[in-house]
Amino acid sequence: MIDIKSLRENPQRYIDGAAEKNISVDITTLLDLDEQRRLFTRQREEHRAEQKRISKEIGPQIGKLKSQLKSANEEETLQIESQLVELEAKPIALKTEIQRLDESISTIDPQWKELLLQIPQPADEDVPKGNSSDDNVELRTWEPAGFDLSKSFKENRGFEPKSHLELVSELGLADFERGVKVAGTRHYMLTGNGMRLHQAALRFAFDLIVDSYNFTPTSVPMIIREESMVGTGFFPTGRSEAYHIEESKRGSGHDLFLAGTGEVGLMGMYGDEILDEEQLPIKMATVSTCFRREAGAAGRDTAGLYRIHQFDKVEQVVICKSDEEESRHWHKEMIVIAENILVQLGIPYRLLQCCTADLGAKNADMIDIECWMPGRGELDADGKPSGAWGETHSASRLYDYQCRRLNMRYRDADGNTIFAHSLNNTVLASPRILIPLLEMHQQQDGSVSIPECLQQYMNGLTVLEPTHASSV
RNA sequence: GGACAGGUGGCCGAGCGGCUGAAGGCACCGGUUUGCUAAACCGGCGUACUGGUUAUACCGGUACCGCGGGUUCGAAUCCCGCCCUGUCCGCCA
């Protein structure tokens with residue numbers, strides 16, 4: 001959520017910011033509503049103050065008269081009642097007026113709030129302007145020794161690469177048909193060494209960020225209340241992307257939603273709290289299952305492990321002081337961690353500076369990491385894939401946008417309460433990461449070598465052999 | 001799922017129609033005293049919005065005693081709905 005005061009002072013900044021992000025939101029209407037809301041609220045407060053003042057003044061008199069009523073004769077009763085009517089006339093008039101203002105405010109308020117939640121955080125000055133993900137800017141690439149990204153896989157390795165679909169099938173690592181049988185489209189079941197490799201990759205990433213980078217290991221709920229989804233900025237905009245559990249339809253309770261990322265639980269953890277400055281930065285890592293409806297992605301990436309409804313992800317989050325320099329510092333650090341993992345996995349990658357259009361509402365800046373996936377991309381004349389970059393990581397820098405929504409603050413040395421800054425980045429998401437992992441480490445004989453860093457998590461296994469395939 | 005009990009400031013805990021933003025205590029901060037620490041004493045100590053003004057300094061107003069609604073001239077206090085927590089029973093990894 002943006003700061004409404006900042007919007008009042010400089011609406012153009014937010015109008016331009018939304019336009020650059022290709023997000024349409026009615027800022028003019030919001031400002032109108034805001035104006036009305038403030039006016040009515042101020043009037044209400046004035047009336048209320050008057051009401052309290054009067055009430056204090058005449059309250060005791062009313063009380064006394066009412067107790068006199070009980071022992072009064074007929075004539076006295078009439079007299080007392082007329083006194084009461086007189087005394088109560090003013091506060092009753094105020095009360096009516098206050099109720100009228102309350103109604104106006106309660107009509108405006110939901111619209112005001114709904115709009116405010118939708119105003120995107122303007123992108124930073126140094127974020128390139130663009131219209132689509134085509135305008136993202138490549139910052140740098142990395143390739144393992146012996147692999148030249150300017151050449152094809154075949155030129156590098158001397159044989160045509162198989163796609164992860166073929167590898168998975170030949171090595172018996174996943175069963176798509178049965179996944180779909182059990183759970184429907186875009187579902188899968190990892191089998192045998194596929195499940196093992198998946199767990200190994202997650203465990204490797206989790207251990208690395210916890211042991212080498214001192215992130216606090218934390219578990220998160222994956223079934224989430226609406227407040228946390230709004231607080232972390234996934235709602236209202238991303239509502240259609242989340243699975244909805246309609247508990248309210250079963251009687252009591254509130255609805256719940258399946259989290260699309262561990263970020264929701266991690267960030268929600270300190271919502272509505274005032275932290276001590278000394279507690280910052282808070283660095284947390286989790287591994288959790290992520291659920292995505294993939295609404296609007298119909299027909300895209302329908303085969304394989306790329307775009308699926310359920311996956312597991314090691315996620316990193318940093319909550320730090322409200323300081324741009326520090327935020328930027330952590331952003332870089334978090335990206336380095338992801339890079340370290342990809343280097344150890346021996347997967348070529350590139351860093352992409354996302355342009356304004358690709359940022360989403362909550363980010364001021366976002367760096368994606370894409371891995372080289374030889375089995376993806378356009379098919380050539382022989383039906384062979386040319387390889388393509390595929391997104392595996394996304395590092396966001398949000399200033400206080402998220403903490404403001406979550407009402408997460410800290411107290412600084414001067415005793416002020418300040419909204420913290422937050423950042424998040426993927427550490428490793430699997431099974432998507434298995435795509436480049438398998439495709440890059442495949443060998444001419446159809447086997448796949450296991451990167452050294454994963455072997456200890458595979459009981460020392462160094463290679464996946466097609467002969468072991470369970471082609472059942 | 002059934003039966004009770006309860007939700008008040010950072011924590012404990014009083015209040016149960018107006019004098020309560022809320023007693024008292026603990027914790028915390030500042031000061032006095034003190035060889036140091038401790039103790040004692042004095043003072044301070046919530047958040048948000050809003051007005052005086054342009055500012056996190058000062059003064060005023062409003063809101064907040066789980067959440068939402070109602071009764072009342074006036075609600076932490078009365079009524080209704082919901083949420084949450086605890087205990088016991090049932091079920092269960």
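Lettering of chains follows the sequences in order, A, B, ..., and the numbering in each one begins at 1.
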Honestly, is A/Arg196 close enough over A/Tyr457, meaning NZ or CZ under 6.0 Å from the six-membered ring centre and within 45° of the axis? no

Name the closest nucleotide to the [X] side chain, picking from [options].
{"X": "A/Arg225", "options": "B/U47, B/C84, B/C73", "value": "B/C84"}
{"X": "A/Arg8", "options": "B/A63, B/U47, B/U50", "value": "B/U50"}
{"X": "A/Ser55", "options": "B/U47, B/U62, B/G74", "value": "B/G74"}
{"X": "A/Arg42", "options": "B/G74, B/G46, B/G51", "value": "B/G51"}
{"X": "A/Lys5", "options": "B/U47, B/C49, B/C73", "value": "B/C49"}

For A/Tyr243 and A/His309, take the angle between the two ring planes, folded into 0 to 90°, and tell me which bin it lands in: parallel under 30, tilted 30 to 60, perpendicular over 60. perpendicular

Pick the closest RNA chain B nucleotide for A/Ile92 and for A/Arg409 by heavy atoms, then say which residue is nearer the 5' end. A/Arg409

Let me know, please, whether A/Arg53 or A/Ile418 comes out on the 5' side of the other along RNA chain B by nearest nucleotide. A/Ile418

If you look at every strand shown and take non-hydrogen atoms under 4.0 Å, does [X] touch a base, only sugar-phosphate, or nothing?
{"X": "A/Thr417", "answer": "sugar-phosphate"}
{"X": "A/Gln51", "answer": "sugar-phosphate"}
{"X": "A/Arg37", "answer": "nothing"}
{"X": "A/Lys52", "answer": "sugar-phosphate"}
{"X": "A/Arg404", "answer": "nothing"}

Identify the residue among A/Thr289, A/Thr426, A/Thr261 that makes a side-chain hydrogen bond (donor to acceptor under 3.5 Å, both in side chains) with A/Lys313. A/Thr261

Kindly state whether the ring of A/Phe235 and the ring of A/Phe257 have centres lying under 6.0 angstrom apart. yes

